[in-house]
*Asks:* 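Supplied in structure tokens, the structure appears directly below.
Chain identifiers are assigned alphabetically (A, B, ...) following the order of the sequence lines, protein sequences preceding nucleic acid strands; residue numbering begins at 1 within each chain.
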Amino acid sequence: MISIQFLAAIILISLGLSVAVFKKNLIKIVMAVHVIGSGVNLFLVSLGYRAGGIAPIFTDASKLQMVLPTTQALTLTSIVIDFAVVALMLSFVISIYGHYGTLDTQKRRLKE
Amino acid sequence: MIFLAEHAPAFAIAVPLLAAFVTPVLGRISEKIRNIWVIFSLLFTEFLVFILGCKVLDEGVYTYALGAVTPSLTSPVGFPVRIILETDAMNALISFMVLSIAIITVVYSWKFIEKYEAQDRFYSLLLLLTAGMMGMSFTGDFFTMFVFLEVVSVSSAALVAFFKKAESFEAAFKYLAISSIGSFFMLFGIGLLYGHYGLLNMAVIAKEIILHYSFLDVVALSLLGTALLLKLGSVPIHMWKVDSLQEAPAPVSVVCIATSLVGLYLLFRIGFSVFGLVINSILGWILVFFGILSIFIGVAMALLQNNLKRLLGYSAVAEVGYILLGAGVGLSAMPEVNGFAFEALSGGIFHIVNDVLDISLLFLIAGSIYYITKKRNIDELGGLAHDFPSLSVLFIIGMLAISGIPPFNGFASKLMIYESVFYFNPLLVILGVLGSILMLAVFVKVFACIFLGAPYEGEVEEVPGSMMFTMWVLAFFILFLGLFPQVAIDIFIAPAAEALVHPEVYIGGVL
């Protein structure tokens, strides 16, 4: 029986991928990249999840009670990276809109 | 000196990274000081990598731990906080090559981008990109690899958009979207490996994988492999690479080529060192398949182009195909690589060096042609050989080298690939030679279009001396490696191939 959080991660990733492949609006593509990133982050953070565990900041607790700290560190880093990528992509979208006057990848023509 | 050699892997990442953030400050003071600062920080990094390389060639694998020096030193929770930087002959070679290309690019850019705004940010991003590539090549840890991969893709996407034209923004968007989707898939693969082993260190995973190899590893390997093939622009997903190489300024295209070759190195590292002891020949065949596909589609599409840089972009795709062909044959023989498979792998590694020299030379020439005429379309050019004889000589050198004609370096490595792949499967050699001949046809056409014919009538500028100098340096190395390939193979190619085919040495470096 597959856990629900892994299932959710897979659904998010495939949703993002299908939008990135089939949609023609640039903003939707940016959103798709972000959704893929969120799916992967969900997958990572749920790898270290332990039912009833506590946050790994109280070092007095026994090792088995804590959720895994590594995956949380990884997820935090990857969220920051995701943020940087999406911000840069949106700034490209702004410039592309300024040059072409549309966000549709099929209809773009250079403004005279 | 010993201190520097000891901490070289950490410094090689830290120096360009810190220099990147100081550059804009110095740019406020004076452009000259900034340029000197950039070139000196890169030269210093190159020096560090050079002494590190000598050390590694002498003593074998060098492991540098950030954080806990030994695995037994742990945090109170019983958890070792450390990141491993592991250097062997292969990544010493790659990082040295990348830094040399970065230095050449910086010297070329002095004049090339002189008239544009935002030079501070250009150099800053270039240094950041170099730091990312250093990190990618030195790291021995999967997650650090992902982080540096993203550093590289963000900074190179920003550099691709340097000209601020509509097309360059489009190319940069395409590049960033595709490469970040690739990165997330890679992170997914890393997550799978972490879920299975609870580890992120490549060498330790490589050791554990022998005992617990399962279907999950195959899924993780295919995710990592797909993401890396995407990053290096192998054929099914090559369009972003061609677009970004076309629209980026010529020096940035050269650095983008270098980034894709670092991606190739990571593919080798994962294929050979991490999964080398457990995979069967299928992965090698997959690489060979994509290699042949890249050669053919790259060359065939290059024939059709009339934008010079787009044409060069497609030939860069084709050149990556040759490397994949050689390395795929080597990988299919893992874990016992000997005889022809080893020869094929060394040919592939040698071709990495040669490819970056040849393609860089051609891209820099294309940049110079754009600089002097402001035209990119080869149909609008012609007769440049009358005014620029040395540029045409350089183009001939680059064109013969990339098509694998003796006495240039492309011939040396392609011959190694051909004669060893012949024992593997003769058909592949026929396809490879055919691709090489077509490549010559492409470049003869380009040469005739640009340099021959009646003298060029538009306005032209002179090519600045610093730009000519960098191109002659590249041409010198092309000729040197073509005339004395055995020197290069003995000194650094064979040790690099040895390092790849003996994963147990890489594993032993950490444990």
*Asks:* Check B/G191 against A/F43 and note the closest heavy-atom contact, atom names and distance.
*Replies:* C-CE2, 3.6 Å
*Asks:* So with a 6.0 Å cut-off around CE of A/M31, is the heavy-atom count from everything else above 12?
*Replies:* no
*Asks:* What part of B/L192 is in contact with chain A, defined as an atom under 4.5 angstrom from a non-hydrogen atom: side chain, backbone, both or neither?
*Replies:* both
*Asks:* Rounded to the nearest 0.5 Å, what separates atom CD1 in A/I13 from atom CD1 in B/I181?
*Replies:* 11.5 Å
*Asks:* Tell me, for B/F143 versus chain A, whether the close heavy atoms (under 4.5 Å) come from the side chain, the backbone, both or neither.
*Replies:* side chain
*Asks:* Determine the interplanar angle of the A/F92 and B/F169 rings, folded into 0 to 90°, and report it as parallel if under 30°, tilted if 30 to 60°, perpendicular if over 60°.
*Replies:* tilted
*Asks:* How long is the gap from CD on B/E150 to OG1 on A/T77, to the nearest 0.5 Å?
*Replies:* 12.0 Å
*Asks:* So for A/L26, is it side chain, backbone, both, or neither that comes closer than 4.5 Å to the heavy atoms of chain B?
*Replies:* both
*Asks:* Out of curiosity, B/L200 CG to A/T71 OG1, how far, rounded to the nearest 0.5 Å?
*Replies:* 9.5 Å
*Asks:* Rounded to the nearest 0.5 Å, what's the gap from OG on B/S183 to CD1 on A/I81? Could you check?
*Replies:* 8.5 Å
*Asks:* Identify the heavy atoms of B/A177 and A/V33 that sit nearest to each other, and give their distance.
*Replies:* O-CG2, 4.3 Å
*Asks:* Within a reach of under 6.0 Å around NZ of B/K165, are more than 12 heavy atoms found that belong to other residues, nucleotides or ligands?
*Replies:* yes
*Asks:* Any heavy-atom pair between the side chains of A/L44 and B/Y194 that's under 4.5 Å?
*Replies:* no
*Asks:* Would you say that A/V30 contacts B/F173 through its side chain, given a criterion of any heavy-atom pair below 4.5 Å between the two side chains?
*Replies:* yes
*Asks:* With a 4.5 angstrom heavy-atom cut-off, could you sort out which part of B/A161 is near chain A: side chain, backbone, both or neither?
*Replies:* side chain
*Asks:* What's the spacing between A/S38 OG and B/F184 CZ if we round to 0.5 Å?
*Replies:* 8.0 Å
*Asks:* For side chain to side chain contact (heavy atoms under 4.5 Å, CB included), just list the numbers for B/F185 and A/V40, CA-CA rounded to whole Å, side-chain angles, deciding distance to a tenth of an Å, and then say yes or no.
*Replies:* CA-CA 8 Å; B/F185 274 86; A/V40 174; over 6 Å; no
*Asks:* How about CZ on B/R121, more than 12 heavy atoms from neighbouring residues, nucleotides or ligands closer than 6.0 Å, or not?
*Replies:* no
*Asks:* Under a 4.5 Å heavy-atom cutoff, which of A/N41, A/L88, A/V80 has the most pairs with chain B?
*Replies:* A/L88
*Asks:* Check whether A/L74 gets within reach of chain B through its side chain, its backbone, both or neither, counting any heavy atom under 4.5 Å.
*Replies:* both
*Asks:* Should we say atom NZ of B/K374 is surrounded by more than 12 heavy atoms from elsewhere, each under 6.0 Å from it?
*Replies:* yes
*Asks:* From A/T75 OG1 over to B/L187 CG, what is the distance, rounded to the nearest 0.5 angstrom?
*Replies:* 8.0 Å
